[in-house]
Student: 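Got a structure for you, questions after.
Basis for what follows: all heavy atoms, side chains included, without hydrogens, waters or symmetry-related copies. Just so it is clear: chains get the letters A, B, ... in the order the sequence lines come, proteins before strands, and each one is counted from 1.
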Amino acid sequence: EPEVTQTPSHQVTQMGQEVILRCVPISNHLYFYWYRQILGQKVEFLVSFYNNEISEKSEIFDDQFSVERPDGSNFTLKIRSTKLEDSAMYFCASSGTGYRNTEAFFGQGTRLTVV
Amino acid sequence: QKEVEQNSGPLSVPEGAIASLNCTYSDRGSQSFFWYRQYSGKSPELIMFIYSNGDKEDGRFTAQLNKASQYVSLLIRDSQPSDSATYLCAVTRYSSASKIIFGSGTRLSIRP
């Protein structure tokens, strides 16, 4: 069964460093997402991506964040100058095989720890 | 007002009984409704989705949608200990179909 894969599963970084989280969405999906979940809190929307551009982004997704689809399979989230409060689980998801967006499937997540 | 509201629980249900999980949403423009299950430390796993008013059944799960009352529910029949998890209600809106908004989740515990 197709699945969304994320790497790495756990990333530890020093405050102020840049990190890149990687995702391979389900191959025929057209919509890609990044969500984050701070420990004990709700799943929060960061950004959605469709047709090689950002569709929507939340207020969390400021200039510190960027997304890219560098090739036909990968979808990345870059966090510049990480802060302690960026520590969270980051989930990639994908959905939609046609014009209508449908249910989203999540990857297993990357646990980011900023020290 | 939160966009998607759920009772945080925990909801404790005996094994074999029916678990009933509820969710309300604030935006009448919401179009698609999802239930995800999340085990501790794991990612959300889609278990049901519903787009139209009424009931939708899939195995032991039934999703119910009432757009007039702005609520969506999930029934789990013959509850098993493996159903113990946090259940997340999520919605999308016509105005922003690519943004899935999650509730805070209801923690369900199935007691043997």
Side-chain angles (χ1 to χ4, degrees), chain A residues 1-6 9-10 21 23 25-26 29-61 67 88-96 98-111 113, chain B residues 1-10 21 23-27 29-52 56 58 61 63 65 72 74 85-107:
Chain A
E1 185 171 320
E3 61 180 14
V4 177
T5 57
Q6 291 184 243
S9 56
H10 192 185
L21 309 183
C23 168
I26 294 172
H29 281 181
L30 303 176
Y31 293 82
F32 314 121
Y33 313 85
W34 284 101
Y35 284 81
R36 80 172 185 190
Q37 188 174 34
I38 296 170
L39 186 64
Q41 298 187 25
K42 65 187 288 186
V43 177
E44 299 176 291
F45 171 80
L46 292 178
V47 65
S48 59
F49 194 86
Y50 171 74
N51 200 25
N52 287 318
E53 62 182 19
I54 291 175
S55 297
E56 296 188 72
K57 59 182 181 179
S58 71
E59 57 276 6
I60 302 169
F61 194 89
V67 289
M89 281 289 284
Y90 287 81
F91 296 112
C92 175
S94 69
S95 70
Y99 173 75
R100 181 183 180 180
N101 191 10
T102 56
E103 55 277 13
F105 296 89
F106 282 70
Q108 80 280 16
T110 293
R111 180 173 298 283
T113 303
Chain B
Q1 184 183 13
K2 293 180 183 177
E3 292 192 71
V4 181
E5 290 211 54
Q6 298 181 256
N7 188 318
S8 62
L21 303 159
C23 169
T24 58
Y25 57 94
S26 60
D27 190 340
S30 299
Q31 63 168 339
S32 303
F33 307 86
F34 309 93
W35 282 100
Y36 286 83
R37 176 175 63 199
Q38 187 176 32
Y39 294 113
S40 181
K42 302 296 185 182
S43 62
E45 174 191 6
L46 180 69
I47 53 173
M48 289 288 289
F49 58 91
I50 186 167
Y51 302 134
S52 305
K56 179 181 179 182
D58 184 1
F61 300 98
L65 175 60
V72 58
L74 179 70
T86 297
Y87 288 80
L88 310 177
C89 175
V91 306
T92 62
R93 297 174 290 183
Y94 282 114
S95 59
S96 59
S98 67
K99 179 179 179 180
I100 306 170
I101 304 162
F102 283 84
S104 297
T106 297
R107 192 152 53 94

Student: A/Y35 versus chain B, heavy atoms under 4.5 Å apart: side chain, backbone, both or neither?
Tutor: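 Side chain only.
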Student: Got a second to check how far A/E3's CD is from B/S43's OG, nearest 0.5 Å?
Tutor: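 Answer for the CD-OG pair, A/E3 versus B/S43, is 9.5 Å.
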Student: If you look at every heavy atom in B/Q38 and A/F91, which pair is closest and at what distance?
Tutor: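 Closest approach of B/Q38 to A/F91: NE2-CZ, 3.9 Å.
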Student: Nearest 0.5 Å, please: how far is CD in B/Q6 from NZ in A/K42?
Tutor: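 It is 9.0 Å, given to the nearest 0.5 Å.
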Student: As an exercise, state the distance from OG of A/S58 to NZ of B/K99, rounded to the nearest 0.5 Å.
Tutor: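 That separation rounds to 6.5 Å.
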Student: Quick one: CD1 on B/I100 to OG on A/S48, what's the gap to the nearest 0.5 Å?
Tutor: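 Taking CD1 in B/I100 and OG in A/S48, the distance rounds to 9.0 Å.
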Student: Nearest 0.5 Å please: distance from the OG atom of A/S95 over to the CZ atom of B/F34.
Tutor: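 Rounded to the nearest 0.5 Å, the OG-CZ separation comes to 7.5 Å.
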Student: Could you look at B/E45 and say if it's the side chain, the backbone, both or neither that has a heavy atom under 4.5 Å from chain A?
Tutor: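 Neither part.
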Student: Please identify, among B/S104, B/G41, B/P44, the residue contributing the most non-hydrogen atom pairs under 4.5 Å to chain A.
Tutor: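 Option with the top pair count is B/P44.
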Student: Measure the spacing between CG of B/L46 and CZ of A/F106 and express it to the nearest 0.5 Å.
Tutor: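 If we round to the nearest 0.5 Å, B/L46:CG and A/F106:CZ are 9.0 Å apart.
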Student: With chain B, which of A/G107, A/G109, A/A104 has the greatest number of heavy-atom pairs at distances under 4.5 Å?
Tutor: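 Among the listed options, the one with the most contacts to chain B is A/A104.
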Student: Can you tell which part of A/Q6 gets under 4.5 Å to a heavy atom of chain B, answering side chain, backbone, both or neither?
Tutor: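 Neither part.
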Student: Is the closest side-chain heavy-atom distance between B/Y36 and A/V43 below 4.5 Å?
Tutor: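 A side-chain contact is absent here, since even the closest heavy-atom pair is not under 4.5 Å.
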Student: Where do B/F102 and A/F45 land on the ring pair (Phe, Tyr, Trp, His ring centres under 6.0 Å) test, with the steps shown first?
Tutor: CA-CA 8 Å; B/F102 283 84; A/F45 171 80; 9.7 Å; no
